[in-house]
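Quick caveat, the model's predicted, so the values are computed rather than measured. Both counts, for ligands and for their atoms, begin at 1 and track the order of listing.
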Amino acid sequence: MPLNRCKICQDPYEEILSFGKMPLGNGFLNENQIPNEYFFEMGVGFCERSMMFQLTNQPSPEQMFHGEYAFFTGSSEGMKNHFHQFSEKIINNLPATDQETFVVEIGSNDGTMLQNFSNRGIKCMGVEPSENVAKEAINNGIKTKISFFNEKVAEEIQDENGFASVIYAANVMCHIPNINSIFKGISILLDKNGVFYFEDPYLGDVINKNSFDQIYDEHVFLFSLHSVQFVASMNGLDLINAEPLTTHGGSMRYTLCHKGRFSVSENTNKLIQKEKRLGLNRLNTFKSFERNIKRIKEQLLDLLLDLKNKGKLVSGYGATSKSTTILNYCGIDHSLISWISDTTPTKQGKLTPGTHIPVVPYSKFKEDTPNYAVLFAWNHADEIMQKEKEFSRNGGRWITFFPEIKVI
Ligand code: TMP
């Protein structure tokens, strides 16, 4: 087995879990693209020094966040509201800086979040590598640099605009292998009294829920307060607050500042203690996680095979990027799940990455109602259960898999 080196501290670490050959989580494809479909060996490891849970191997960022990146933040009402609420919170807590307030978003997508600042007349700009989404932001009047963020880009932005009062990144930091360069860039660009906020799926939720579908090519890291403290400290920053969020099946929002500028919140210390009890700082924790997910795999396959033998129609609900991990790791194809309905027009008519299950419009779920529906969009369960009461009333059953397999 090749020696893995921690992307944060360069210490060697062992792979703890191998998922085998995996396609891109978001790699929905047409039939004629199957012969050239991209796969990589997906595994995860835990560095005992930095306490970072990380992919051992992943495609290059250019392969994932290219000119045709499919996700537009503005297409999700839930995320639009989430960002609006957070922008209000940022505006109400703007740090006292010597110069004009300046907000920078890393991975600004189509400018949905920054629009909230722009509407209030606050100077802001975004940095976004995917050209198609960045152009959408520019067309909407949001200043956007089409680039990956790093030290050089941070220097350029600082030269042109001055220091940033607030830097913000949502569901971005966990995507970037060279994360030290991002943190270095932040310490260059951030005003001495400025704050950096970022939010990403939280390792504590993954371990509590066994939600191993959070592990896919785009999630190079799953952060904890322990690992964020380590990487921040290496780059001259302090973690001063953390706030659990319900988005993406369980996330954490971190607040950082220049070392020694502000005091660490009581809540941060409490969450650190909670992580110690959960074992997020210890390798052994991940060994039991491995056992749990192997059990989920076996039980899900047994259930789907049994339903197939009984002649039941089983569909999937929500062709999420996360479902790519479950489907490929468990080896679930078209013979076990007939189709997956999804409301996203760009996914409809395509096949799921690696397992080639047809993705169909939501109308199919209503017209050709299945006996069983696997809830791949489990992170939207409340909204979906509310919307689909009729499915259950008519005898339809949901299959959920975290923290254990359940038929509801
Ligand atoms: P997300 O987990 O990245 O938000 O993706 C959710 C996917 O599930 C997205 O492709 C849209 C789909 N979806 C539905 O098909 N129906 C729904 O009611 C919801 C909430 C999501």
- Query: Checking salt bridge (charged side-chain N to carboxylate O under 4.0 Å, His left out) for the pair Lys135/Glu131: CA distance, chi angles, key distance, verdict?
  - Reply: CA-CA 6 Å; Lys135 284 200 167 144; Glu131 202 171 325; 2.8 Å; yes

- Step by step, work out the ring-ring contact (aromatic ring centres under 6.0 Å, His included) result for Phe46 and Phe53. CA-CA 5 Å; Phe46 177 77; Phe53 185 91; 7.3 Å; no

- Query: Which of the atoms of ligand 1 are close to Ala377, meaning less than 4.0 Å from one of its heavy atoms?
  - Reply: 8 (O)

- Task: Check if His248 has a non-hydrogen atom at a distance under 4.0 Å from any atom of ligand 1.
- Result: no

- N/O separation below 3.5 Å, Lys322 to ligand 1: yes

- For ligand 1, the portion of Phe376 having any non-hydrogen atom under 4.0 Å away: neither

- Task: Could you pull out, from Asn379, Thr343, Asp213, the option with a heavy atom nearest to atom 15 (O) of ligand 1?
- Result: Thr343

- The atoms of ligand 1 lying under 4.0 Å from a heavy atom of Lys387, numbered in the order shown, are 17 (C), 18 (O)

- Query: Are Tyr168 and Ile106 close enough that some pair of their side-chain heavy atoms sits under 4.5 Å apart?
  - Reply: no

- Query: Is Thr320 in polar range of ligand 1, meaning some N or O pair under 3.5 Å apart?
  - Reply: no

- Message: Students often mix this up, so state it plainly: with edges at 30° and 60°, are the rings of Trp398 and Phe391 parallel, tilted or perpendicular?
- Response: perpendicular

- Query: Should Glu218 and Lys322 count as an ion pair when the cut-off is N to O under 4.0 Å?
  - Reply: no

- Query: Hey, what do you get for CE (Met113) to OG (Ser87), rounding to the nearest 0.5 Å?
  - Reply: 5.5 Å

- For Lys347, atoms of ligand 1 separated by under 4.0 Å from a heavy atom: 9 (C), 10 (O)

- Euclidean distance, His175 NE2 relative to Asp217 CG, rounded to 0.5 Å: 9.5 Å

- Could you grab the distance from atom CZ of Arg291 to atom CZ of Arg295, nearest 0.5 Å is fine? 9.5 Å

- Message: Please work out, at 4.0 Å between heavy atoms, whether the side chain, the backbone, both, or neither of Ile384 comes within that distance of ligand 1.
- Response: side chain

- Please could you name the atoms of ligand 1 that Thr344 approaches to less than 4.0 Å, counting only its heavy atoms? 9 (C), 10 (O), 11 (C)

- Message: Which option wins on minimum heavy-atom distance to atom 11 (C) of ligand 1: Val359, Asp342, Asn171, Asp382?
- Response: Asp342

- Item | Nitrogen or oxygen of Glu383 less than 3.5 angstrom from that of ligand 1 | no

